[in-house]
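I have placed the structure first, in the form of structure tokens, so that the comments after it can refer back to it.
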Amino acid sequence: MPSIDGLQADFDKDGLTVLLVNIAEPRETVARVVAARGYTARVLLDPDGRARDAYRLQATPTVYLVGRDGRLLGRAIGPRPWTQPSGRALLAALLRPAPASAR
């Protein structure tokens, strides 16, 4: 999760929002981990698993890429090289504004 968390600052000006979702752990445990690891992205709690079930989560980490219009663009299950050139290039391409003719 540290690599995903760091991308928030790197791509914030381009419109990226990173939300980390914790499933079924006590608030105090999550707060300790967030503080210890220095996460800066928003952390949401899913204490009863409703979000997990709604998104049909199969494994962690799972990353959902959601477009500006709210549509799901993609999903990645398991670790990915988000901070490597290929991951950064994908995010940069997805964050680029659509050409005026495509709007």
P79 versus P61, closest heavy-atom pair with distance =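 So the minimum-distance heavy-atom pair works out to N-CG, 4.0 Å.
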[X] [atom1] to [Y] [atom2] distance, which is reported to the nearest 0.5 Å:
X: L44; Y: I23; atom1: CG; atom2: CD1; value: 11.0 Å
X: L65; Y: L72; atom1: CG; atom2: CG; value: 7.5 Å
X: L7; Y: T83; atom1: CG; atom2: OG1; value: 6.5 Å
X: L73; Y: R75; atom1: CG; atom2: CZ; value: 13.5 Å
X: R42; Y: T17; atom1: CZ; atom2: OG1; value: 5.5 Å

key: Donor-acceptor contact below 3.5 Å, side chain N22 vs main chain E25   =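 Checking the backbone N and O of E25 against the side chain of N22, a donor-acceptor pair under 3.5 Å is found.
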Is there a path of hydrophobic side-chain contacts, each under 4.5 Å between heavy atoms of I, L, V, M, F, W or Y residues, that connects [X] with [Y]?
X: F11; Y: L94; value: yes
X: V21; Y: L45; value: no
X: I4; Y: L95; value: yes
X: L90; Y: V18; value: yes

query = Thinking salt bridges, do R96 and D14 make one under a 4.0 Å N-O criterion?
reply =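 Looking at R96 and D14, the cut-off is not met.
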task = For R37 and D5, run salt bridge (Lys or Arg N to Asp or Glu O under 4.0 Å): C-alpha distance rounded to whole Å, both residues' side-chain angles, the deciding distance at 0.1 Å, then the answer.
result = CA-CA 10 Å; R37 295 184 181 173; D5 180 72; over 6 Å; no
Between side-chain atoms of residues 47-59 and protein atoms elsewhere (two or more places apart, or another chain), which donor-acceptor pairs fall under 3.5 Å?
unit_1, atom_1, unit_2, atom_2, d
D48, OD1, R50, N, 3.2
D48, OD2, R50, NE, 2.8
D48, OD2, R50, NH2, 3.4

